[in-house]
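What follows is a single structure, written as structure tokens, with notes after it.
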Amino acid sequence: MIKIILKDDSKMEVQEGITILEVAQKISEGLARIAMAGIVDGEVKDLRYVLNNDCKLEILTFDEEAGKKAYWHTTSHIMAQAVKRLFPDAKIAIGPAIDEGFYYDFDVEKPFTDEDKANIEEEMKKIIKEDLPIERFVLSKKEALELMKDEPYKVELIEELPEGEEISFYRQGDFTDLCAGPHIVSTGKIKSIKILSSSGAYWKGSEKNKMLQRIYGISFPKASLLQEHLDLLEEARQRDHRKIGKEQELFMTHELVGSGLPMYLPNGATIRRILERYIADKETALDYKHVYTPSLANVDLYKTSGHWDHYKDDMFPVMKMENEELVLRPMNCPHHMLIYKNKLHSYRDLPIRIGELAHDFRYESSGSVCGLERVREMCQNDAHIFVTPEQIKEVFEEVVKLILSVYEDFGFNNYTFRLSLRDKNDKEKYFDNDEMWDNAEAQLREILTELGIEYYEAEGEAAFYGPKLDVQIKTAIGHDVTISTCQLDFLLPQRFELEYIGEDGKAHRPVVIHRAILGTFDRFLSFLIEEYKGAFPLWLAPTQVKILPITDNQHEYAHKLKEEFMKKGIRVEVDDRNEKTGYKIREAQLSKVPYMLIVGAKEVEEETVSVRSREGGDEGSISKKVFIDRVIEEIENKKLS
RNA sequence: GCUUCCAUAGCUCAGUAGGUAGAGUGCAGCCUUGGUAAGGCUGAGGUCACGGGUUCAAUUCCCGUUGGAAGCCCCA
């Protein structure tokens with residue numbers, strides 16, 4: 001027998017195994033704030049979670065977003081309840097469900113220790129065992145303020161709510177929380193919980209506010225699901241680019257060089273060079289013209305561009321020289337504006353595509369630098385495209401297609417398009433000209449719709465000069481970061497008084513499209529490492545072929561092969577150490593070399609190689625020519641493994 | 001930058017309740033010449049991140065600096 005709690009807090013009972021339609025009927029009659037159900041073969045097996053506040057029928061499983069959120073949100077209340085029991089002086093702030101789990105923020109005297117967290121987890125388990133029913137009730141604003149008078153953060157939240165509306169609360173035993181819901185029926189429905197971590201977090205996400213203590217946790221209806229989740233987290237840690245970067249000698253850092261300043265080792269540098277050539281060639285084929293511009297610039301350049309006002313906190317401090325002030329550039333847009341301005345352009349010349357692999361410097365806060373993902377000196381795959389207003393659409397489309405074709409070459413699937421818009425209320429951060437912004441944003445939406453690209457919108461993520469289309473990915477450790485970006489800019493052409501001569505013989509102002517396909521080579525490599533888990537496809541692998549002679553007698557042959565391969569542009573190494581073949585194979589396999597060539601007396605005799613591939617294992621002996629042709633063909637086609 | 005935590009051999013980590021340290025792996029030498037995921041022996045390697053303080057004595061306790069981790073803030 002399963003109880004369903006109705007909106008008036010009465011309960012109805014249904015038999016396990018009734019059909020969805022029957023449940024729907026009962027619910028619609030009773031206007032329940034229902035329900036989450038386990039459904040097997042069309043029959044309701046377990047109505048586990050009360051969900052909906054506004055009387056709509058929804059039958060969900062834990063796999064569905066809303067069900068998870070309700071489950072985790074309820075667990076966050078249990079955590080708050082546990083904290084209040086153990087730390088009666090703690091003030092509670094907010095405790096939402098997030099993409100993976102939940103957190104709750106507390107204002108406490110001292111940050112939580114590991115021991116505290118263990119105790120909280122134990123107390124949570126007790127609360128679950130108590131199987132407290134969760135009840136919803138509503139109050140007027142006045143009553144709500146009275147009820148929460150000892151919780152200053154709740155008072156602040158209640159005061160922000162509109163006058164005259166009912167304010168909902170949820171109560172479970174000795175704990176009541178201001179909450180819009182939804183929640184599940186009782187604490188006993190939570191099965192497996194785990195406190196994951198804790199850290200400081202600013203109240204309302206503003207560094208101007210007090211730092212509270214946030215505890216993250218997660219819960220599942222089955223212990224095996226929790227274990228699966230923890231295994232996934234562990235798997236993600238295994239492909240962290242910082243870990244693989246060290247193991248495969250891709251890059252290193254040194255405290256004498258400084259934080260956020262990685263050094264590329266030969267293996268990482270090889271991959272980076274391939275990426276540079278790859279994208280530059282692709283751009284050249286689209287009529288991009290590449291330039292070199294200096295990393296140091298007079299600070300007046302950025303005052304002219306407007307960057308100085310919006311960006312100076314993120315720049316390294318000014319270097320005062322004899323009678324000029326120099327800065328390390330945080331971006332190279334202004335340089336490209338000046339290159340455009342170097343001569344007079346006709347509308348016939350447009351679009352003009354100026355590209356550069358440009359080193360830029362940003363003073364990232366010490367807490368946010370991360371391997372190759374966030375660095376203080378980066379190399380951008382940057383370009384600025386100067387277009388007439390009429391060309392915006394076609395050029396934007398060209399850029400989006402380039403992005404998609406590049407992603408196809410790399411075999412990427414897990415990315416999303418984000419339309420990054422300004423925060424209309426933030427006149428500080430964004431260039432203040434509503435008409436320009438509205439126009440640019442409308443144009444971008446139109447283009448995206450026309451291209452049939454799925455995207456989501458994010459306010460407050462634009463550049464100071466205009467809206468952008470960003471490609472977002474999730475890193476191994478869950479950071480949401482931008483890889484590619486394409487931005488529409490009406491401001492810099494104005495700042496630099498850019499012009500072209502139109503068909504009418506008069507001067508017109510071009511529009512600038514900023515774009516970075518690989519974003520920065522640094523972040524892109526960090527993404528590649530995690531995407532491939534260190535097993536780079538052949539065309540990117542630092543060592544493509546490793547030759548493993550079985551005994552000393554094959555060293556000469558092995559080295560001759562190496563030379564031959566090198567002449568063909570294949571990246572090859574010989575492992576001529578005094579070790580057994582099995583040992584060498586194991587090591588080469590663990591270092592993710594795409595091809596191993598085992599050569600013994602037989603191969604020397606027959607001028608063949610015994611091929612072992614990373615994915616396929618032992619493939620037997622073939623002539624060296626056949627192997628070389630195959631490798632070259634796979635490199636040229638950028639074969640993905 | 002903020003909150004918390006961390007720093008021991010090239011790497012991954014033990015350890016010292018305050019008396020200057022160990023394993024595995026890697027590296028070097030020797031034996032072994034072995035056919036598709038770890039052969040054996042021997043050896044070298046550490047100012048226990050750096051700078052102060054407390055102490056008879058600090059790698060260990062305290063403070064600071066640098067670097068690192070998680071999250072917050074911020075961003076390619």
Side-chain angles (χ1 to χ4, degrees), chain A residues 103 105 110-114 117 196-216 237 240 242-243 246-247 249 252-260 311 313-314 330-331 360 362-375 378-382 420 429 460-461 463 468 470-472 477-485 487 514 516-524 526-527 548-555 577-590 596-603 610-613 617-621:
Chain A
Y103 66 79
D105 286 347
K110 274 186 263 170
F112 297 107
T113 63
D114 288 347
K117 282 182 273 178
L196 295 170
S197 63
S198 65
S199 75
Y202 300 109
W203 167 237
K204 289 187 173 170
S206 169
E207 58 182 340
K208 295 187 184 80
N209 292 337
K210 183 166 186 185
M211 185 163 262
L212 309 174
Q213 293 303 316
R214 175 171 298 178
I215 307 180
Y216 288 87
R237 268 190 286 274
D240 187 322
R242 292 165 297 185
K243 179 177 154 67
K246 190 183 260 186
E247 288 167 356
E249 297 183 14
M252 63 174 280
T253 55
H254 199 285
E255 62 179 292
L256 283 176
V257 175
S259 180
Y311 219 83
D313 291 343
D314 296 307
M331 68 280 295
D360 294 325
R362 298 182 186 174
Y363 194 85
E364 298 291 344
S365 64
S366 57
S368 63
V369 296
C370 176
L372 294 178
E373 176 192 320
R374 276 286 278 284
V375 295
M378 69 203 81
C379 183
Q380 294 211 59
N381 163 224
D382 205 15
S420 301
K429 190 172 167 189
E461 297 288 348
K468 9 177 229 172
D470 293 320
V471 182
Q472 299 297 114
I477 53 172
H479 296 163
D480 188 37
V481 293
T482 304
I483 294 290
S484 309
T485 183
Q487 319 175 349
H514 305 239
I517 307 300
L518 306 187
T520 68
F521 291 96
D522 314 279
R523 178 173 291 176
F524 195 78
S526 78
F527 175 50
L548 314 181
I550 289 173
T551 73
D552 295 355
N553 297 328
Q554 292 85 43
H555 284 191
R577 290 174 305 169
N578 179 10
E579 297 290 352
K580 289 222 165 86
T581 309
Y583 181 90
K584 292 180 182 178
I585 288 171
R586 176 183 156 81
E587 219 169 63
Q589 184 70 33
L590 290 176
M596 287 170 238
L597 299 182
I598 290 100
V599 293
K602 183 170 146 258
E603 283 76 17
S610 174
V611 179
R612 186 187 168 98
S613 77
D618 189 357
E619 297 184 5
S621 288

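What's counted below: heavy atoms across the whole structure, side chains too, no hydrogens, waters or symmetry copies.
When Watson-Crick and G-U wobble pairs are counted only if both distances are under 3.5 Å, B:rA69 pairs with B:rU4. Across all strands shown, B:rU16 forms no Watson-Crick or G-U wobble pair with both distances under 3.5 Å. For B:rC61, the paired nucleotide is B:rG53, the pair qualifying as Watson-Crick or G-U wobble because both relevant distances are below 3.5 Å.
In the displayed structure, A:E619 atom CD is contacted under 6.0 Å by more than 12 heavy atoms of other residues, nucleotides or ligands.
Of the listed residues (A:H479, A:R242, A:R523), just one forms a side chain to side chain donor-acceptor pair (under 3.5 Å) with A:E373, and that residue is A:H479.
With hydrogens and angles left out, the side chain of A:E249 and the base of B:rG10 share no donor-acceptor pair within 3.5 Å. Contact of A:N553 with B:rU33 (side chain to base): no donor-acceptor pair of N or O atoms is detected under 3.5 Å. Side chain A:Q589 to base B:rA38: no donor-acceptor pair is found below 3.5 Å. For B:rC27, the base has no donor-acceptor partner in the side chain of A:R577 [N/O atoms by modelled type, under 3.5 angstrom]. Below the 3.5 angstrom threshold, one finds a donor paired with an acceptor across the side chain of A:Y202 and the base of B:rG1. A donor N or O paired with an acceptor N or O is not found under 3.5 Å between the base of B:rA76 and the side-chain atoms of A:T482. A donor N or O paired with an acceptor N or O is not found under 3.5 Å between the base of B:rU33 and the side-chain atoms of A:N578.
Using a 4.0 Å heavy-atom criterion, one finds that A:G582 contacts the sugar-phosphate atoms exclusively. Using a 4.0 Å heavy-atom distance criterion, A:S259 is classed as a sugar-phosphate-only contact. Within 4.0 Å (heavy atoms only), A:E247 reaches no atom of the nucleic acid at all. Among the heavy atoms of the strands lying under 4.0 Å from A:K429 are primed sugar atoms or P, OP1, OP2 only; no base atom is included. Residue contacts for A:R362: at a heavy-atom cut-off of 4.0 Å it reaches a base atom on one of the strands shown. A:V375 comes within 4.0 angstrom of a base, heavy atoms only. At the heavy-atom level, A:A588 lies nowhere under 4.0 Å from the strands shown. Nucleic acid contact class of A:E461 (heavy atoms, under 4.0 Å, all strands): none. Residue contacts shown for A:G205 are limited to sugar-phosphate atoms, with no base heavy atom under 4.0 Å away. No contact: A:K243 has no heavy atom under 4.0 Å from any strand. Residue A:L196 is classed as having no contact, given no heavy-atom separation below 4.0 Å to the nucleic acid. Among the protein residues, A:I483 comes within range of the sugar-phosphate backbone only, with heavy atoms under 4.0 Å from sugar or phosphate atoms but none that close to a base. Note on A:Y216: only backbone sugar-phosphate atoms sit closer than 4.0 angstrom, heavy atoms only; bases stay farther off. Residue A:E603 is in base contact, counting any heavy-atom pair closer than 4.0 Å across all strands shown.
Remark: A:R214 is not in phosphate contact with B:rA70, judged by side-chain N or O atoms under 4.0 Å from OP1 or OP2. For A:S366, a side-chain nitrogen or oxygen approaches OP1 or OP2 of B:rG1 to under 4.0 Å. Between A:H514 and B:rA76 there is no side-chain polar atom (N or O) within less than 4.0 angstrom of OP1 or OP2. Listed pair A:K468 / B:rA76 meets the phosphate criterion, a side-chain N or O lying under 4.0 Å from OP1 or OP2. Contact check, A:K246 against B:rU12: a side-chain N or O comes under 4.0 Å of OP1 or OP2. Between A:T113 and B:rU4, a side-chain N or O to OP1/OP2 separation shorter than 4.0 Å is absent. Within the 4.0 Å cut-off from OP1 or OP2 of B:rU33, not a single side-chain nitrogen or oxygen of A:Y583 is found.
Rounded to whole angstrom, the span from the CZ atom of A:R612 across to the P atom of B:rG35 amounts to 15 Å.
Contact of the A:M596 side chain with the A:Q589 side chain is registered, since non-hydrogen atoms from C-beta on lie closer than 4.5 Å.
With rounding to the nearest 0.5 Å, the separation of CD in A:E461 from CD in A:Q472 is 7.5 Å.
Against the 90° criterion about 0, the sugar-base torsion of B:rG45 places it in the syn range.
Side-chain contact of A:S621 with A:E603: a donor-acceptor pair under 3.5 Å is present, judged by distance alone.
Using a cutoff of 4.0 Å between basic side-chain nitrogens and carboxylate oxygens, A:K117 and A:D114 are scored as salt-bridged.
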